[in-house]
Amino acid sequence: MPRSNDEAAEMLQEFADLLAISGGDPFKVRAYEKAASAVAGYPRDITNLDEKGLDAIPSVGTHLARKIADLLRTGSVEELDDLRARVPAGLRSLLDVPGLGPKRAHQVYSELGITSVAELLDALHEHRLQHLHGWGERSEENLAQAIRDAHLGGARIQLAIALGLAEEVLAVLSELPQVRRATYAGSLRRMCETVGDIDLLVASDESEPVMEAFCTVPLVSRVLVRGSTKSSILTTKGVQVDLRVVEPSAWGSALLYFTGSKAHNIHLRKMAVRAGEKLSEYGLFDAGSGRLIAAETEESVYAQLGLPWISPTIREDTGEVEAALSGKLPHLVQLGDIRGDLHTHTDLTDGVAKLEDMVGAAKARGYSYYAVTDHAPLLYMQRMTDEKALEQRHRIRELERSAGITLLHGTELNIQPDGSLDWDEDFLAGFDIVVASVHSAFRQSRDAMTARILRAVEHPAVNVIAHPTGRSIGRRAPIDADWDAIFRAAARTGTALEVNSSPDRLDLDGDLVRLARSAGVRLAVSTDAHAVPHLDNMRFGVATAQRGWAGPADVVNTWPLAKLRRFLDKHAQAHVRAG
DNA sequence: GCCGTTTTCGGCCCGACTGTTTTCAGTCG
């Protein structure tokens with residue numbers, strides 16, 4: 001079951017879609033959409049809020065608060081059920097076709113009776129659309145192509161893959177003499193876990209050669225849009241890449257604009273309007289005289305709006321602007337704050353690199369400490385034994401003498417379906433750090449799963465719960481558990497929760513990081529590296545922690561070694577708290 | 001449907017591109 005916030009957001013979004021497609025008031029539609037994203041991004045769990053509490057969420061008024069309350073209480077909303085009964089099932093899916101918005105979806109439904117993508121394809125095949133008002137041969141061809149493309153590309157791509165692709169195109173563009181600056185913007189710069197399409201930005205006085213180069217890079221499969229300031233291509237792998245070319249003097253306002261999020265931009269624009277100004281990708285202007293106020297750097301635009309620069313990772317309009325206004329912007333953890341990795345593997349279990357190579361790479365990164373946490377015996381396929389663990393400990397102690405880096409001997413325990421763990425307390429006491437995680441039986445009931453994880457959190461030897469939700473982005477849904485209860489227990493017992501940096505995990509995600517932090521939970525940002533290159537994934541974990549507003553004080557592996565060691569001794573921690 | 005230091009009514013971010021128009025509507029981000 002999804003979080004209540006997500007459930008309510010999905011309800012509101014479906015409402016918006018159905019209203020739009022049945023020809024409803026566009027402003028009402030937008031009100032539902034705004035409320036949907038406000039609820040999804042609301043930093044607190046709405047499960048136990050009453051109508052008054054829901055009404056306090058920005059963009060949620062009395063009417064929508066009542067509908068959300070109905071949903072949370074009864075599991076359904078009467079008005080939505082009525083609307084579903086009036087709009088044919090399948091019609092909503094038409095909105096997923098790029099280029100087909102609510103107006104035209106409504107048009108093909110009301111004039112041709114089309115209620116699904118399949119029927120739309122039939123109509124396209126028979127050329128029945130080109131006779132509708134406002135349509136022609138080209139719009140018919142484009143729609144058919146869009147449906148084929150959606151089939152080809154479809155799903156959003158992972159952050160790391162998008163970043164690689166962006167850097168490949170940027171490398172070509174940066175070579176051009178006309179290009180002054182070039183970077184990626186959009187959800188990629190905000191380090192969202194998945195990216196729908198890639199937004200690139202170039203500063204140049206001469207756009208034509210840049211567009212020419214962009215539309216002919218080797219990985220282009222088709223040019224979707226070709227203009228003087230904006231072009232879009234589809235890559236051979238089905239990923240859409242958009243390029244905007246702007247004057248160098250408007251670099252800052254353009255970067256701000258194209259980084260988004262949309263909600264963040266709208267918030268800034270409204271502030272500008274209130275101050276008698278106008279904000280666009282071309283700059284901040286005086287609304288009356290049209291005089292340019294700021295445009296060259298992001299910092300200058302923020303400053304003229306009365307704000308400090310805001311990190312792209314938190315530009316989601318979930319309170320960052322208000323925080324900036326009141327001087328309470330969080331001091332976010334940075335990659336350079338990280339002093340060590342607390343969850344890594346070697347070829348003793350399922351890693352592919354030798355202990356010495358992993359340690360050497362960690363040292364080269366400038367870490368001051370490094371934990372080796374190979375799997376424990378209950379993950380049977382890894383064939384770990386007591387003897388192997390002790391022998392590894394001996395090797396680590398030897399290696400540490402010459403390595404110039406503090407090595408922590410740890411292990412990653414398997415949390416069994418009943419919450420029991422590998423090894424007994426005496427044996428576990430010999431490790432410097434103990435990580436525990438779920439590797440199987442992901443589909444337990446919410447109650448069973450919560451009890452299972454709580455048992456591990458309460459265990460006196462367990463320091464970190466790794467990849468807590470067990471999700472695999474795009475492949476496996478997160479487990480269902482009572483996160484509030486788990487966060488409270490983790491905070492009380494001094495058990496850290498991991499922000500796993502692997503691009504296909506990013507677990508906890510930004511939203512859960514934020515909830516965990518507000519419950520007082522400490523975080524461990526780790527790579528779970530199984531090979532040397534995986535150590536570089538730390539930047540994705542740090543970005544995810546930033547998206548949850550985490551600062552260095554929240555992240556135990558930014559702490560000096562002595563402080564970390566005190567945290568890793570749960571008995572001593574309990575003693576300090578009792579005292 | 002939401003919202004308010006000009007407003008409880010009358011607005012609601014703004015600009016680019018495409019394809020259909022002969023001055024604009026629809027879609028997207």
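This is a predicted model, so every value here is computed, not measured. Throughout, a chain's letter reflects where its sequence line sits, starting with A, and its residues are numbered from 1.
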Those residues at least two apart in sequence (or on a different chain) that pass side-chain hydrogen bond (donor to acceptor under 3.5 Å, both in side chains) with Y302(A) are H264(A), R315(A)
Picking from dT18(B), dG1(B), dC14(B), the nucleotide nearest the side-chain atoms of V225(A) would be dT18(B)
Between NE2 of H133(A) and P of dA25(B) the distance, given in whole Å, is 9 Å
Quiz prompt | Whole-angstrom distance between dT8(B) and dC3(B), as gauged at atom C1' | solution = 9 Å
TODO: Examine the side chains of E298(A) and W309(A) and answer whether a donor and an acceptor come within less than 3.5 Å of each other.
DONE: yes
Re dC2(B): Watson-Crick or G-U wobble partner, both distances kept under 3.5 Å, found to be dG11(B)
Separation of dC13(B) atom P from L305(A) atom CG, nearest Å, is 16 Å
By nearest-heavy-atom nucleotide on DNA chain B, the more 5' of G136(A) and T229(A) is T229(A)
query = If you look at every strand shown and take non-hydrogen atoms under 4.0 Å, does Y32(A) touch a base, only sugar-phosphate, or nothing?
reply = sugar-phosphate
task: Might you work through the side-chain hydrogen bond (donor to acceptor under 3.5 Å, both in side chains) test for T318(A) and R514(A), ending with a clear yes or no?
output: CA-CA 11 Å; T318(A) 55; R514(A) 201 160 169 192; 2.9 Å; yes
Presence of S232(A) side-chain N/O under 4.0 Å of dC17(B) phosphate oxygens OP1/OP2:
no
Atom CZ of F285(A) and atom C1' of dG15(B) are separated, to the nearest Å, by 12 Å
Worksheet item: Side chains of F214(A) and I233(A): does their closest heavy-atom pair fall under 4.5 Å?
Response: yes
Enumerate the protein-to-nucleotides 27-29 of chain B contacts in which both atoms are nitrogen or oxygen and the separation is below 3.5 Å.
| unit_1 | atom_1 | unit_2 | atom_2 | d |
| --- | --- | --- | --- | --- |
| dT27(B) | OP1 | G101(A) | N | 2.7 |
| dT27(B) | OP1 | G101(A) | O | 3.1 |
| dT27(B) | OP1 | R104(A) | N | 2.9 |
| dT27(B) | OP2 | K103(A) | N | 3.1 |
| dT27(B) | O5' | G101(A) | N | 3.4 |
| dC28(B) | OP1 | G99(A) | N | 2.5 |
| dG29(B) | OP1 | D197(A) | OD2 | 3.4 |
| dG29(B) | N2 | Y257(A) | OH | 2.6 |

OP1 or OP2 of dG19(B) less than 4.0 angstrom from a side-chain nitrogen or oxygen of N142(A), does that happen here?
yes
Expressed as a whole number of Å, how far does the C1' atom of dT7(B) sit from that of dC12(B)? 13 Å
One thing to verify: whether D70(A) and R66(A) come together as a salt bridge, which I'm taking to mean a side-chain N less than 4.0 angstrom from a carboxylate O. yes
- Item | Over 12 foreign heavy atoms within 6.0 Å of NZ, K34(A) | no
L256(A) atom CG is separated from dC13(B) atom C1', nearest whole Å, by 13 Å
Between CE of M211(A) and P of dA16(B) the distance, given in whole Å, is 12 Å
Rounded to whole Å, CD of E277(A) lies from C1' of dC13(B) at a distance of 15 Å
Q.
Is a donor from one side chain sitting under 3.5 angstrom from an acceptor on the other, for D242(A) and S232(A)?
A. yes
**Q.** dG1(B) to dT6(B) separation - P atoms, rounded to the nearest Å
**A.** 28 Å
Separation of dA25(B) atom P from H106(A) atom NE2, nearest Å, is 18 Å
Rounded to whole Å, CG of D25(A) lies from P of dG10(B) at a distance of 15 Å
On DNA chain B, more 5' by nearest nucleotide between G134(A) and K278(A) is K278(A)
Distance between P atoms of dC14(B) and dT21(B) (Å, rounded) = 30 Å
Would you please confirm or rule out a distance under 4.0 Å between OP1 or OP2 of dC13(B) and any side-chain N or O of Y282(A)? no
Please give the distance between the P atoms of dT20(B) and dT27(B) as a whole number of Å.
14 Å
Heavy atoms of E33(A) and A16(A) approach each other most closely as CG-CB, 3.6 Å
*More than 12 foreign heavy atoms under 6.0 Å from CZ of R128(A): is that the case here?*
yes
Out of dC13(B), dG15(B), dT20(B), minimum distance to the side chain of S280(A) belongs to dG15(B)
message = Under a plain distance cut-off of 3.5 Å, with no hydrogens placed, do R189(A) and T259(A) share a side-chain donor-acceptor pair?
response = yes
Quiz item: Which part of the nucleic acid does S187(A) contact within heavy-atom distance under 4.0 Å: base, sugar-phosphate only, or nothing?
Solution: nothing
Open item on the list: Is it the case that the side chains of E119(A) and T115(A) hold a donor-acceptor pair, with the cut-off being a distance below 3.5 Å and no angle test?
Closed with: yes
Atom pairs under 3.5 Å, N or O on each side, protein against nucleotides 2-8 of chain B: can you list them with distances?
| unit_1 | atom_1 | unit_2 | atom_2 | d |
| --- | --- | --- | --- | --- |
| dC2(B) | OP1 | G61(A) | N | 2.5 |
| dC2(B) | OP1 | G61(A) | O | 3.3 |
| dC2(B) | OP1 | L64(A) | N | 3.3 |
| dC2(B) | OP2 | H63(A) | ND1 | 3.2 |
| dC3(B) | OP1 | S59(A) | N | 2.7 |

* Can you tell me how far P in dG4(B) sits from the matching atom in dC13(B), rounded to whole Å? -> 13 Å
